[in-house]
Number of protein chains: 2
Amino acid sequence: MLNRVGDKWSMQVIVVLRDQPRRFNDLRRQVNGISQQMLTRTLKVLERDGLVERTVRTTSPPQVDYALTPFGHSLSEPVRELAIWALANLDTLYDNRLRYDANNEANDDTNQA
Amino acid sequence: MLNRVGDKWSMQVIVVLRDQPRRFNDLRRQVNGISQQMLTRTLKVLERDGLVERTVRTTSPPQVDYALTPFGHSLSEPVRELAIWALANLDTLYDNRLRYDANNEANDDTNQA
DNA sequence: CAGAATCCCGCAGGATACTG
DNA sequence: CAGTATCCTGCGGGATTCTG
């Protein structure tokens, strides 16, 4: 259940769409390192789940807008909390990692090298 | 960044540990369908990141307790929000899915079968 | 009980090329 | 611009066996 809701790309897309509707390539640029295919897939799933609404404008060149539905917005709240936490604490987390690794390399050296 | 924090098993482990410290196999039973290996891996990463603390009691049979650190508890808040949303809205989400699929199968049939 | 080690498979996910 | 189709790879993650 947290699987569905909390997968790698979906959360990032939701965070970006929270601010405003976006077009495809616009979205692509906003979401860090997502490939074109994964964005397509992710959006399709989000649409299927009723979290995102797809609006096609038959101009030339074609233009497609993606926006959060009300349902999507309700999800964006807790997701945003998570994102905020991540932003605020990710450096702490990496520091912890470094200290942990430093300790363990020391121990490994005792046995290995 | 949401990657690290929001992966499949970590979030579930954090949710479970939020209530109380747990022993290995206890944890294994609480976290839905996790394998022994994935629990081991997940816990190691969480410990490395300073989110979970591992306490070994050298009894026989050995006993190991896992508990959230204060850092881990701070993360557990937003994660909990997400879990609550999921619990409350997952059926809606699946309903959306069914309706979406119903529509598209109809369209596909028009072209395919 | 709490892991480590090994084997193995599927699919998430990237790169590239083509289309309307 | 907004996709679809195809090919290919890595690794997420399960099952099983062994140890202290």
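Quick note: numbers below take in every heavy atom, side chains included, and nothing from hydrogens, waters or symmetry partners. Chain naming here is simple, since letters A, B, ... match the order of the sequence lines and numbering starts at 1 in each. Please read all numbers here as calculations on a predicted model, not as lab measurements.
- Looking at heavy atoms from C-beta onward, Leu68(B) lies out of side-chain contact with Leu51(B) at the 4.5 angstrom threshold.
- In this structure, CG of Leu39(B) is placed 14 Å from P of dA15(D), rounded to the nearest angstrom.
- Rounded to an integer number of Å, the gap from CZ of Arg28(A) to P of dT4(D) is 14 Å.
- Comparing dG3(D), dA2(C), dG14(C) by their nearest atom to the side chain of Met38(A) picks out dG14(C).
- The residue Arg54(A) sits close only to the backbone: its heavy atoms come under 4.0 Å of sugar-phosphate atoms, none of a base.
- Under 4.0 angstrom from either OP1 or OP2 of dG3(D) there lies no side-chain N or O belonging to Lys44(A).
- With a 4.5 Å cut-off on side-chain heavy atoms, Arg29(A) and Asn25(A) count as touching.
- The closest side-chain heavy-atom distance from Leu75(B) to Asn89(A) is not below 4.5 Å.
- When the C1' atom of dC11(C) is taken as reference, atom CH2 of Trp9(A) falls 16 Å away, rounded to whole Å.
- For dG13(D), the OP1/OP2 oxygens have a side-chain nitrogen or oxygen of Lys8(B) closer than 4.0 Å.
- Across all non-hydrogen atoms, the minimal contact from Asn96(A) to Gly50(B) is ND2-CA, 3.7 Å.
- Of the candidate nucleotides dA15(D), dA2(C), dG13(C), dA2(C) has the atom lying nearest to any side-chain atom of Phe24(B).
- By the neighbour-count criterion of 12 heavy atoms within 6.0 Å, atom CG of Asn32(A) is sparsely surrounded, having that number or fewer from other residues, nucleotides or ligands.
- Residue Pro62(B) places its side chain closer to dC1(C) than to any other of dC1(C), dT6(C), dG13(C).
- In this structure, Asn32(A) atom CG and dG13(C) atom P are separated by 13 Å, rounded to whole Å.
- For the pair Leu43(A) CG and dC1(D) C1', the interatomic distance rounds to 14 Å; values are reported in whole Å.
- Between Arg41(A) and the phosphate of dG13(C), there is no side-chain N or O to OP1/OP2 separation shorter than 4.0 Å.
- Mapping Asp26(B) and Ile34(A) onto DNA chain C by nearest heavy atom places Asp26(B) at the nucleotide closer to the 5' end.
- Whole-Å rounding puts the Asp7(B) CG to dC11(D) C1' distance at 13 Å.
- Neither OP1 nor OP2 of dC1(C) sits under 4.0 Å from any side-chain N or O of Tyr66(B).
- The side chain of Arg23(B) has dC1(C) as its nearest neighbour among dA4(C), dG13(D), dC1(C).
- Judged by atom type and distance alone, Gln36(A) reaches the base of dG3(D) through a side-chain donor-acceptor pair under 3.5 Å.
- Counting atom types as modelled, Gln37(B) pairs a side-chain N or O with a base atom of dT6(C) as donor and acceptor under 3.5 Å.
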